[in-house]
Amino acid sequence: MVDPIYALSIFSALLIILLVLFFPEKGIITRWKKIKSQTGRVLIEDALKHLYDCEFKNLDCSLNSLTGNLTLKADQTASVISNLESMGLVTSTGNKISLTSEGRSYAIRVVRIHRLWERYLADNTSVSETEWHAIAEEREHETTDEDANRLAARLGNPLVDPHGDPIPNADGVILAKQGITLNNLEEGKYARIIHIEDEPKEVYAQLTAQGLYPGMQIYVLQSSKEKIRFEADGEECVLAPVLASNLTVLPFTEKESVQESFENLSSLETDEAATIIGISNAMRGQQRRRMLDFGIVPGTVVHTRLRSLKGDPAAYEVRGALIALRKNQSDLIHIKKIKEN
Amino acid sequence: MNDVEEIIQKANKYRWEIGENLHDAILESIYTDAARIADKTVTRQGGKQKFDWDRWIDKLVTGRWTGFPIMFLLLVIVFWLTISGANVPSAMIASLLVDTIHPLLKDGANFLHFPWWLSGVLIDGAYLALAWVISVMLPPMAIFFPLFTLLEDFGYLPRVAFNMDNLYRRVGAHGKQALTMSMGFGCNAAGVIAARIIDSPRERIIAIITNNFSLCNGRWPTQILIATIFIGGAVPSFLAGVTSAAAVMIVAVLGVLFSLIVSWALSRSVLKGEASAFSLELPPYRPPRFLQTLYTSLIDRTIMVLWRAVVFAAPAGVAIWLVANVTINNVSIAEYFINWTDPYAMILGLNGVIILAYIIAIPANEIVIPTVLMLTVLTTKATGLGAGAGVMFEMESVNDTAALLHAGGWSVLTGINLMLFSLLHNPCSTTIYTIYKETKSMKWTLISTFLPIVMGIVLCFFVAQFWQLFA
């Protein structure tokens, strides 16, 4: 018979070793794979993307900004750049590095794949929005053009990624930049969020934590140098102007209908009635189609009928059927209460 | 050619202009049109009903104070009807198939001068395994599933999912998993098929993988027998009944806990990226169609059990007979295997007989105990028990079974760990096959097969070692 103390300690040690090796995301195996993936091609594509991003924003791109973006040492970046130059993808004059037309179309190709993947992750998976970017960053280097076209076809050739950035088509044609940043929107104006910048990650996490997403209607209450106070889908938000500059909005033109005020379905008390105004854009993919299948479309009348023990889920009567929704879903359905006399 | 390109360009231009909400807009206009047509052509009767039964029942079965008591009461009734109702027909089928037909077949084989190995493989092996599976499995299946179907037909089950969803949401699963789990108490393969009611891909796979943590029909008898012998036998006799029943309940509840923990872990690791969407319709109540439900349910279950007995259990019977009868130097390969695995099995608080029984009885949990008894007789060389090598049997009295197992060197620890291992081991081959058919994925099939057995080995190891440390 083996001494239990020996057996226990040997086995526990074995378990710990296995955990350290295979633990998801933090395990040695995953880390090692990540390091191994930092190959030449990845660096080249990331550099091109950064240069394209600078060009898109009308900024000058230097060796320094590239070094920061790629998290490399300066001499390593320099060798990446000279590599790119010898391939005829960039030209550098003095401190300024710019893309050649081949370099630009290569960059647009990578950007297209990146945004398609983000769109896929948003619509067809339950990956949380803070992780879309990081996963797309990895997959963009492993996807061939044919795979990208297949992915685009499967997604119905989407026009924009979930952050509101336009997705270039297969020929590399990309929509021109539209809208203004939120800090430039005047007080008392209605607008719609069309884009949320997903880099840097910390800023993006702060913005999404506020519940902001493209498609939201906003109304500026106060805009000053210290803070910007605005209503987003009926809820008040406050942002520092630095953060607000990461939001691009498109002011409403006269003919578009401004939705004055609305509440969320989750706030509807038992046996109250309301009319659906719309489903938030944050509800995507299969989940959104499900809601539409149930007949949750603008104009439909709903009643809250049942609440489970903790109030989540609750059951709503929609077009004669009783449908249970979780709170995170009914939060995304906009309603206008009907006052019953 | 030019025309086509022009049209494509035009289409692309409109797509940019119209934007992303085209599908929403189309659906909205379909609903508007449909509502307008319905208003024009359908006449609706009078105003409100005087009393709305549906809403009254809903308030009752999902109510704060009434919802959960009603749920547990119904569950207890279903189980009680199944267990108490299945005993009599099970015994009848067993006495017919095992005690009457089996000797007749043997006599017939002798009369026809079958060689001993042929009658052994066919009658003692294949036929007995088949008979065992049918007699253990058919009666409870034929009672449990019609009851379930009646509750579903009435419209009650979606309300259970509604009540339970809060708990299942926290572990990343769907409220309907409460239903597939309950189905698993009847038969894991049926529970896996039932996971079709979950329309979200991620939650459905979670429900399929964790279904094996529901103790199925084939495992309840093992749990009850072992608990009676080893847990009931370890306490004063007036407490024996209560204690052994409590032990079985603890194992079943442990299974439910494991299913929740594993759901939580899966939804946060390998299944993190799968698509997830929640929807749950609560259909109106309606009187269940008793006769139709009873008829289709009975036919379905009987066919399923027979299919399973023929396809999976009969070959297992052949294997069981062969390992006990094929000998090298007068020692059967079963004994070789048992002697070889015994020291390793001891580390897990089990023994070689149990390991071999669980390997050759993968096709059906029902034949684990008969196989264990047969192998124990084989290794202890006990005389006057059973009907020879490779012939599975069960004993008339629990005391005789206890005596045999004690003679085979079983302790209370062996009993406890067998109960745990019976809860946490690979699903039976029917279930594995069903999982593959339902998911069409080797990955999920392998995970569902090996996850529980790894958990079982780890748990048995720790229980055994701590037991030896303190006892």
For this session: Could you check Asp199(B) against Arg290(A) for side chain to side chain contact (heavy atoms under 4.5 Å, CB included), going step by step and ending with a plain yes or no?
Result: CA-CA 10 Å; Asp199(B) 60 3; Arg290(A) 266 259 156 229; 2.8 Å; yes
Problem set entry | OH on Tyr31(B) to CD1 on Ile276(A), rounded to 0.5 Å | 11.5 Å
Problem set entry | Whether over 12 other heavy atoms sit under 6.0 Å from Trp444(B) CH2 | yes
Exercise. Looking at OG1 of Thr125(A) and CZ of Arg202(B), how far apart are the two atoms once the value is rounded to the nearest 0.5 Å?
Worked result: 9.5 Å
Exercise. For Ser126(A), which of Ser267(B), Pro201(B), Ser276(B) qualifies under side chain to side chain contact (heavy atoms under 4.5 Å, CB included)?
Worked result: Ser276(B)
Seminar exercise, completed: When the 4.5 angstrom heavy-atom criterion is applied to Met283(A) and chain B, the contacting part is neither
Problem set entry | Separation of Arg169(B) CZ from Lys310(A) NZ (nearest 0.5 Å) | 10.0 Å
Exercise. Out of Ser200(B), Ala34(B), Gly67(B), Ser279(B), which one racks up the most heavy-atom pairs below 4.5 Å with chain A?
Worked result: Ser279(B)
For this session: Examine whether an atom of Asp312(A) lies under 4.5 Å from a heavy atom of chain B, and if so say whether it belongs to the side chain, the backbone or both; otherwise answer neither.
Result: both
For this session: Could you tell me which residues satisfy salt bridge (Lys or Arg N to Asp or Glu O under 4.0 Å) with Glu129(A), sequence neighbours excluded, listed by chain and number?
Result: none
Exercise. Which distance, rounded to the nearest 0.5 Å, do you find between the OG of Ser308(A) and the CG of Leu280(B)?
Worked result: 10.0 Å
Problem set entry | CZ (Arg268(B)) with more than 12 external heavy atoms under 6.0 Å | yes
Exercise. Atom CD of Glu281(B) and atom CZ of Phe294(A): how far apart are they, to the nearest 0.5 Å?
Worked result: 4.5 Å
For this session: Anything in residues 451-461 of chain B with a heavy-atom distance to chain A below 4.5 Å? Please list those residues in order.
Result: Val458(B), Phe461(B)
Seminar exercise, completed: From the list Asp165(B), Leu469(B), Asp58(B), Leu271(B), the residue making the most non-hydrogen contacts under 4.5 Å with chain A is Asp165(B)
Exercise. Mind checking whether Arg288(A) and Asp24(B) have side chains closer than 4.5 Å, heavy atoms only?
Worked result: yes
Exercise. With no hydrogens and no angle check, is any side-chain donor or acceptor of Gln287(A) less than 3.5 Å from a backbone partner on Phe278(B)?
Worked result: yes
For this session: Would you mind checking which part of Leu15(A) comes under 4.5 Å of any heavy atom in chain B, side chain (CB onward), backbone (N, CA, C, O), both or neither?
Result: side chain
Exercise. In Å and rounded to the nearest 0.5 Å, what is the CG to CD1 distance from Leu27(B) to Ile296(A)?
Worked result: 12.0 Å
For this session: Before accepting this row, confirm whether a basic side-chain N of the pair Arg55(B)/Asp271(A) lies closer than 4.0 Å to the acidic partner's carboxylate O.
Result: yes
Seminar exercise, completed: What one should report as the nearest heavy-atom pair of Leu309(A) and Gly63(B) is CD1-O, 4.5 Å
For this session: Would you please go through residues 317-330 of chain A and name the residues with a non-hydrogen atom below 4.5 Å from one of chain B, in numerical order?
Result: Arg319(A), Leu322(A), Ile323(A), Ala324(A), Leu325(A), Arg326(A), Gln329(A)
Exercise. Can you name the side-chain hydrogen bond (donor to acceptor under 3.5 Å, both in side chains) partners of Arg115(A), sequence neighbours left out?
Worked result: none
Exercise. Mind checking whether Phe470(B) and Pro4(A) have side chains closer than 4.5 Å, heavy atoms only?
Worked result: no
Exercise. Under 6.0 Å from the CD1 atom of Ile5(A), do we count more than 12 heavy atoms belonging to anything else shown?
Worked result: no
Problem set entry | From CA spacing to verdict: side chain to side chain contact (heavy atoms under 4.5 Å, CB included), Ser269(B), Phe23(A) | CA-CA 10 Å; Ser269(B) 55; Phe23(A) 200 82; over 6 Å; no
